[in-house]
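Report on the structure given below.
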2 protein chains.
Amino acid sequence: MATGRTHRPATRSRGIPEATVARLPLYLRALTALSERSVPTVSSEELAAAAGVNSAKLRKDFSYLGSYGTRGVGYDVEYLVYQISRELGLTQDWPVVIVGIGNLGAALANYGGFSARGFRVAALIDADPAMAGKPVAGMSVQHTDDLEKIIEENGVSIGVIATPAGAAQQVSERLIAAGVTSILNFAPTVLSVPEGVDVRKVDLSIELQILAFHEQRKAGEEAAAAAAGGSSVGGAAPAAAVVPPAGRSAAETRKGGPEGDVPAVMPA
Amino acid sequence: MATGRTHRPATRSRGIPEATVARLPLYLRALTALSERSVPTVSSEELAAAAGVNSAKLRKDFSYLGSYGTRGVGYDVEYLVYQISRELGLTQDWPVVIVGIGNLGAALANYGGFSARGFRVAALIDADPAMAGKPVAGMSVQHTDDLEKIIEENGVSIGVIATPAGAAQQVSERLIAAGVTSILNFAPTVLSVPEGVDVRKVDLSIELQILAFHEQRKAGEEAAAAAAGGSSVGGAAPAAAVVPPAGRSAAETRKGGPEGDVPAVMPA
DNA sequence: ATGCCTTTGTGAACGCGTGCACAAAGATTG
DNA sequence: CAATCTTTGTGCACGCGTTCACAAAGGCAT
């Protein structure tokens with residue numbers, strides 16, 4: 001999953017826990033699939049299975065929205081789709097801008113799921129003058145100079161940043177100054193934003209590193225279990241050889257490399 | 001952030017909490033930046049600011065790895081870079097395969113941050129015969145038929161799925177059967193995998209929906225505050241008009257659309 | 001060598017999220 | 001109309017994660 005929100009840590013919005021909000025899109029997707037198959041009702045058990053969560057958790061989540069179920073029957077699919085859509089604010093149109101039209105930015109621009117969810121790509125913006133005017137995903141890329149104008153004229157409140165890390169903070173500041181209050185950040189940097197602005201971060205590199213950690217642990221446990229049948233279950237004796245603690249300079253290895261300077265994908 | 005892990009819910013690995021593991025890459029990035037600037041030591045306060053977290057949290061996180069700091073001074077940057085890299089398993093080479101070379105898959109293949117972190121793209125795989133042999137990011141795309149062979153020959157244990165949702169489950173099963181034990185899933189589906197396999201999910205659509213929720217709440221509060229100076233602070237009276245509860249069919253609106261059938265980006 | 005000052009490492013309290021288990025509610029059947 | 005059966009909604013307990021606050025530890029200046 002894309003990771004972590006910044007700001008508004010414990011501020012339960014209208015009493016709906018953040019963890020629940022994060023699951024609503026999951027339920028919505030499962031419900032939409034059911035709706036397409038014209039299934040009239042679902043039990044919490046079925047829906048929970050489809051969404052990959054615990055049924056008790058699902059019921060508790062729905063209880064925050066109100067009591068939309070019928071005991072002995074389940075939930076009305078259509079009604080629930082509407083209620084969750086409304087709760088998530090998907091019944092209205094959300095114009096978004098994508099800043100940084102590199103590999104990733106272009107890929108995002110082509111994302112079909114945008115319009116299906118009430119999100120409309122209002123503009124594609126890039127700092128490279130050579131990109132300006134170029135067609136991407138059926139739109140013409142615009143230059144960063146016009147960023148403020150674009151935001152204001154389209155009433156954009158959600159911005160997507162897919163620029164290199166070095167540009168992200170500045171871009172976010174311009175977006176926010178122009179009126180944007182929610183940012184989806186693909187650049188591998190920590191954005192510092194004023195209170196009241198929501199930032200969500202998506203970072204491929206971090207996800208892979210987390211997987212690598214678990215992978216290493218699994219390999220270590222396996223090796224330990226295979227070697228000694230004993231009781232030493234800890235993370236001792238990893239399978240692969242590790243570089244000695246002092247015989248290596250991180251600066252040497254990484255200096256000047258692509259280190260953290262690009263988002264999850266190389267921009268142009 | 002990319003969202004949520006599946007499986008191994010409470011299984012603290014070697015005593016390191018999952019939440020801590022998720023932050024280690026963040027620290028590592030900040031430390032690497034310091035290393036490049038040849039900064040010898042950092043205090044928890046400084047590093048925490050750079051990583052965007054609480055300093056107490058950072059110290060506690062590091063305490064799980066052992067005591068690598070010096071009281072009164074701080075942490076040795078180089079040493080800490082090494083320790084975290086080792087803990088995350090980045091001192092070894094991790095071959096990965098990317099399955100589904102559409103817009104997103106291609107963008108991922110071009111991601112420079114892979115190699116910088118010890119991840120090596122071993123192969124690009126697509127089900128479309130027309131894609132086979134085509135060069136993407138300097139590699140030749142291979143056909144799904146050879147998936148098992150590729151996995152085994154390269155000793156791949158981490159797979160990235162960037163296929164349409166419909167293909168994701170089947171792809172994951174083939175990957176797992178061939179030996180993959182960690183999956184990064186960009187397809188908007190819940191993967192069901194056997195125990196011992198780690199799955200992390202990245203879903204652009206979900207991130208945007210979460211932002212929309214907060215955006216709507218902010219707009220509602222603002223409107224409520226502006227209208228009545230009273231005490232009705234709840235989510236009453238959202239700014240935009242909402243469609244009436246019964247006068248709308250979700251199936252009608254979404255039927256046959258790009259609904260959840262593609263990952264965060266349209267594959268070819 | 002001694003005292004001061006900085007910063008770590010952690011004990012303890014608190015709050016959120018999760019999951020169990022069950023009573024209440026409603027449908028359904030005879 | 002009554003009995004039964006299904007499924008919701010939730011009270012409760014538990015565990016993880018976060019944060020505060022402070023004692024211990026080490027460097028540094030005198």
Side-chain angles (χ1 to χ4, degrees), chain A residues 1 3-24 26-27 31 34 39-77 79-80 83 210, chain B residues 1 3-24 26-27 31 34 39-77 79-80 83 210:
Chain A
M1 88 190 178
T3 324
R5 48 163 165 47
T6 320
H7 280 276
R8 312 202 161 256
T11 313
R12 275 202 194 171
S13 326
R14 153 107 159 282
I16 301 182
E18 189 63 29
T20 295
V21 172
R23 279 188 295 267
L24 290 182
L26 230 54
Y27 302 145
L31 284 164
L34 292 171
V39 177
T41 59
V42 258
S43 68
S44 62
E45 204 72 47
E46 293 167 327
L47 186 54
V53 302
N54 184 296
S55 69
K57 194 188 295 185
L58 179 142
R59 287 197 299 275
K60 183 152 288 189
D61 283 342
F62 285 175
S63 77
Y64 291 115
L65 310 183
S67 293
Y68 297 144
T70 307
R71 292 169 192 238
V73 176
Y75 298 90
D76 182 280
V77 172
Y79 188 60
L80 205 46
Q83 288 298 343
I210 295 171
Chain B
M1 92 184 176
T3 323
R5 48 166 165 45
T6 319
H7 280 275
R8 312 203 161 256
T11 313
R12 276 203 194 170
S13 325
R14 153 106 159 281
I16 301 182
E18 189 62 30
T20 296
V21 172
R23 281 188 294 267
L24 290 182
L26 230 53
Y27 302 144
L31 284 165
L34 291 171
V39 177
T41 59
V42 259
S43 67
S44 62
E45 204 72 47
E46 293 167 327
L47 187 55
V53 302
N54 185 296
S55 70
K57 193 187 293 185
L58 179 142
R59 286 198 300 275
K60 182 148 287 190
D61 283 342
F62 285 175
S63 78
Y64 291 116
L65 309 183
S67 293
Y68 296 146
T70 307
R71 294 171 192 236
V73 177
Y75 298 91
D76 181 281
V77 172
Y79 188 59
L80 205 46
Q83 288 299 343
I210 295 171

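Here the structure is a predicted model, which is why all the values come from computation and not from measurement. These values consider heavy atoms only, across backbone and side chains, with no hydrogens, waters or symmetry-generated copies. Chain letters run A, B, ... following the sequence lines, proteins first and then strands; every chain starts at 1.
The nearest whole Å value for the distance from the NZ atom in B:Lys57 to the C1' atom in C:dT8 is 18 Å. One atom, CG of A:Leu65, and another, C1' of D:dT8, lie 14 Å apart when rounded to the nearest Å. Distance B:Asp61 CG to D:dT18 P: 7 Å, rounded to the nearest Å. For the pair A:Glu45 CD and D:dC5 P, the computed distance is 19 Å after rounding to whole Å. Atom CD in B:Glu46 sits about 12 Å away from atom C1' in C:dT6, given to the nearest Å. In this structure, B:Leu58 places its CG atom 14 Å from P of C:dT7, rounding to the nearest Å. One interatomic measurement links the two molecules: OH of B:Tyr79 to P of C:dT8, which rounds to 16 Å at whole-angstrom precision. Here C:dT8 presents its P atom at 13 Å from CG of B:Asp76, a figure rounded to the nearest Å.
Qualifying side-chain hydrogen bond (donor to acceptor under 3.5 Å, both in side chains) partners for A:Thr20, counting only residues two or more places apart in sequence or in other chains: A:Asp61. Residues that satisfy the side-chain contact (heavy atoms from CB on, under 4.5 Å) test with B:Ala48, not counting sequence neighbours, are B:Val53, B:Ser55, B:Leu58. In terms of the side-chain contact (heavy atoms from CB on, under 4.5 Å) criterion, residue partners of A:Ala19 (sequence neighbours excluded) are, by chain and number, A:Arg23. Every side-chain contact (heavy atoms from CB on, under 4.5 Å) that B:Ser43 has, sequence neighbours left out, goes to B:Glu45, B:Glu46. With sequence neighbours left out, the ring-ring contact (aromatic ring centres under 6.0 Å, His included) criterion links A:Phe62 to A:Tyr27, A:Tyr75.
Here C:dG19 is the nucleotide among D:dT19, C:dA27, C:dG19 with the atom lying nearest to any side-chain atom of A:Asn54. Comparing atom distances between the A:Arg23 side chain and each of C:dT18, D:dG27, D:dT18 picks out C:dT18 as nearest.
Stem regions for DNA chain C, each three or more consecutive Watson-Crick or G-U pairs with both distances under 3.5 Å and listed by first number, read C:1-30 with D:1-30.
Rounding to the nearest 0.5 Å places CG of A:Leu47 at 11.0 Å from OG1 of A:Thr41.
Along DNA chain C, the nucleotide closest to A:Thr20 and the one closest to B:Ser43 are compared, and the more 5′ of them pairs with B:Ser43.
Using a 4.5 Å heavy-atom cutoff, the side chains of B:Leu31 and B:Val42 are in contact.
Scanning all heavy atoms of the two residues, the minimum distance from A:Tyr64 to A:Gly15 falls at CD2-O, 3.8 Å.
Pairs passing the salt bridge (charged side-chain N to carboxylate O under 4.0 Å, His left out) check and including a residue from residues 67-77 of chain A, sequence neighbours excluded, do not occur.
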Please tabulate the protein-to-nucleotide N/O contacts below 3.5 Å involving nucleotides 9-13 of chain C, giving atom names and distances.
residue: C:dG9; atom: OP1; partner: B:Gly69; partner atom: N; Å: 3.1
residue: C:dG9; atom: OP2; partner: B:Tyr75; partner atom: OH; Å: 2.6
residue: C:dG9; atom: O4'; partner: B:Arg71; partner atom: NH2; Å: 2.9
residue: C:dG9; atom: N7; partner: B:Arg59; partner atom: NE; Å: 2.8
residue: C:dG9; atom: O6; partner: B:Arg59; partner atom: NH2; Å: 3.2
residue: C:dG11; atom: O6; partner: B:Lys60; partner atom: NZ; Å: 3.2
residue: C:dA12; atom: N6; partner: B:Lys60; partner atom: NZ; Å: 3.0

